[in-house]
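One structure is given here, and the rest of the page talks about it.
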Amino acid sequence: MTVTAAPATAPPPEATADAATAVATTPAAPGPTLWVAATLVGILVVVAVFSWLAYDAYRHTEDDLLRLRAEDAAALFPTATTAVQTELEAGAEVVAATDDTARFDQLMADHVGPHRSFVGVSLWRLTSGGAQLLTAEGKPLLLAGQPGTLAAFLRAHDQSDVLGVSPLMHSGDMLRIGYAVAATPTTTGLVAYAEVSLPAGRRLAISASSPFADLHYAIYLGRRTDRADLLATDLSSLPPTVAYATVDAPFGSSSITLVVTAKSPLAGQLLLDLWWIVAVVGGVLAVAAAWGVGRTVRRRQQAEALATALDEVARQNRDLYRQQRTIAHTLQHALLPERLPGVPGLESAARYVAGVAGTEIGGDWYDLVALDDDRALVVVGDVSGRGLRAAAVMASLRFAARAYAAQGDDPETILRRLSTLLDLEQEGHFATVLCAQLDVGTRRMVVASAGHLPPLLLADGTATYVPVVAGLPIGVAPAGDRYVSASVTVPPGATLLAFTDGVVERRGELLDVGLERLRAVAGTLDLHLADFLAGVVDRMGLHLVSDDAAILAVRWCR
Amino acid sequence: MTDAPRPGTHPHHPVPAGPSGGPPGTGQAAAEALSIRVEPADGRPVVVLRGELDIVTAEQLGRTLDEVLSGDPPAVRVDMRDLAFMDSAGVACLLRAARRTAVSLVSPSVVVRRVIEATGLASVLPIEEAP
């Protein structure tokens, strides 16, 4: 069987309960709301910035792409003018070469009529008097009804190798543009003139492979975007209400202005959607992060509250410990003489030093009883163990010894009577007691010991322990014990030092080492009695010792 | 019996060898522990102590001795070869057992032996040497 005993301590239940109350009443630190709000706002701002950047990137990309597409679409117009110019030029030049206008009609037949290039064509010779019609084919030409204007228009282009383009002509709901091309060499004065009709409702037939396929458009003749110059559009409102690109391109002698918008995002739907995807995902992340921060802050606050509570428990434990020590000390001092009685011819002083370990009251005591004018009794005792029971035993022994002394008993008798008073079996404690009766006048001293350490006698510069045979401690022998006293006569000025084992006993050290230490310390101190005792307490390190220590010094006056 | 002991031992400034106090439960438990082992030997049990027997550990020894004594042994031997320290509470514990049967202390260290001698208890708690 192996049993290991070790000191164990648990925090007193009251302290725990108090600590619990303290936890409940600790004022809450500012809640995690601030942290949550700060996190939320912070992340949302970042999200908003990124979202805006995504939208801005989309817009820029879209603008760039729209511009490129517009330029692609606009590139169609110079090509178209080249085809028109080639057809008309060919007609005019064959007449210039052959002087046969029938050849013109033959050449143009394929290009005139519904769903062909022109609604009507004609060939004119410019003379000094004006313009002379050589031949015409197809529908009547609108500009032919205004000979002056026609002549001016033809003359304006008879020296140019660029296709002449007339302003937009209206007649009823007909819209037409006129083209003029001079034959080379220009000296012939031959100019071909044709008109094209714009589709009704200004709407173009767009094939799926056309650059216009995914664009809405508005095409103006000239550089202005006037309604009057509008050739074609499929936009319901002009200028467009959405992002648009405007480009212009040469168109024969004139130019066209093209306004386009995208039917669907040119950069792709994903780029268009990116900004709000960023916003939504970012918003969710912000909420999640805020929640996480809130939880972390709450946990940290809880941990801090717990740490505070534990500190409080520890503090209360310390307070309680201190309080118990204070109670023990108070009780201890209450059971010891408040002051030593004055005995003529004797000086006396006593010290009680509570051990640093534990909170329980000890069982050490000292006493000085003035028997009569010439005699005094010194008692020093030590009840085994600690606690209230030990203190009660100490008190009963102390006052019993005083009573026996008052009845005139000598030290041997006092110890014998005390030994019948205490029973280890019943009380659980035994006691060692030293009893010394001092005669002031004769300087004779009778000492008896019940298992107690001998007193130290300082006389004539030497320190010796009084050779007294220790009988059994009080409480050990059931029927009591007998004690043998030693009688010593001391020189004038001698000092008797009675003490308990706490003064000399140290763990792991032979008792004799401690006794020798006390002898040496006491032997070197030559002071007034109170200072002497303080010196002994100090140099024996009694304030650092775990055990209680009581010490009583009596000095014969010289 | 106690004249100036051991001439030649030089007095030095005292350094307490005991635990340095402070509130209980501050980690000195292991150092102060007492281990108790009981070896029943032919109706004459041997209680083997190792460590320190003081006011804290005495209670444990008291319980162990009560158990041992409940068997009404004619004698109990307490092996003290490995006991480093004993205070008055420990002595009280042994003295109570000595009321009920013969208790002898086997080979106590000089430190413990000196405590028994100083308290005049050698007659009640006789010391014997281990074979």
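Here the structure is a predicted model, which means the values were calculated and not measured. Labels below follow one simple rule: chain letters A, B, ... track the order of the sequence lines, proteins then strands, and each chain is numbered from 1.
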Would you indicate whether A:Leu388, at its atom CG, is surrounded by more than 12 heavy atoms from other residues, nucleotides or ligands within a distance under 6.0 Å? no

State, with a plain yes or no, whether a side-chain heavy atom of A:Val393 is found less than 4.5 Å away from one of A:Leu422. yes

Where does B:Leu121 contact chain A at under 4.5 Å (heavy atoms): side chain, backbone, both or neither? both

Contact leader toward chain B among A:Pro473, A:Ala450, A:Gly428, where contacts are heavy-atom pairs under 4.5 Å: A:Pro473

Should the pair A:Asp423-B:Arg99 be classified as a salt bridge under the 4.0 Å nitrogen-to-oxygen rule? yes

Axial cation check for A:Tyr483 ring with A:Arg416, 6.0 Å and 45° limits: no

Interchain contact, A:Ala486 with chain B, by part (heavy-atom threshold 4.5 Å): neither

Are side-chain heavy atoms of B:Leu83 and B:Arg50 found at a separation under 4.5 Å? no

Do B:Val103 and B:Val78 have side chains that approach each other closer than 4.5 Å (heavy atoms only, starting at C-beta)? yes

Which answer fits B:Val48, side chain, backbone, both or neither, if we ask what part of it has an atom under 4.5 Å from a heavy atom of chain A? neither

If one checks every heavy atom of B:Ser109 against chain A at 4.5 Å, the contacting part turns out to be neither

Most chain B-contacting option - heavy-atom pairs closer than 4.5 Å, from A:Arg322, A:Glu425, A:Glu505: A:Glu425

Who among A:Leu472, A:Thr432, A:Leu518 has the most heavy-atom pairs with chain B under 4.5 Å? A:Leu472

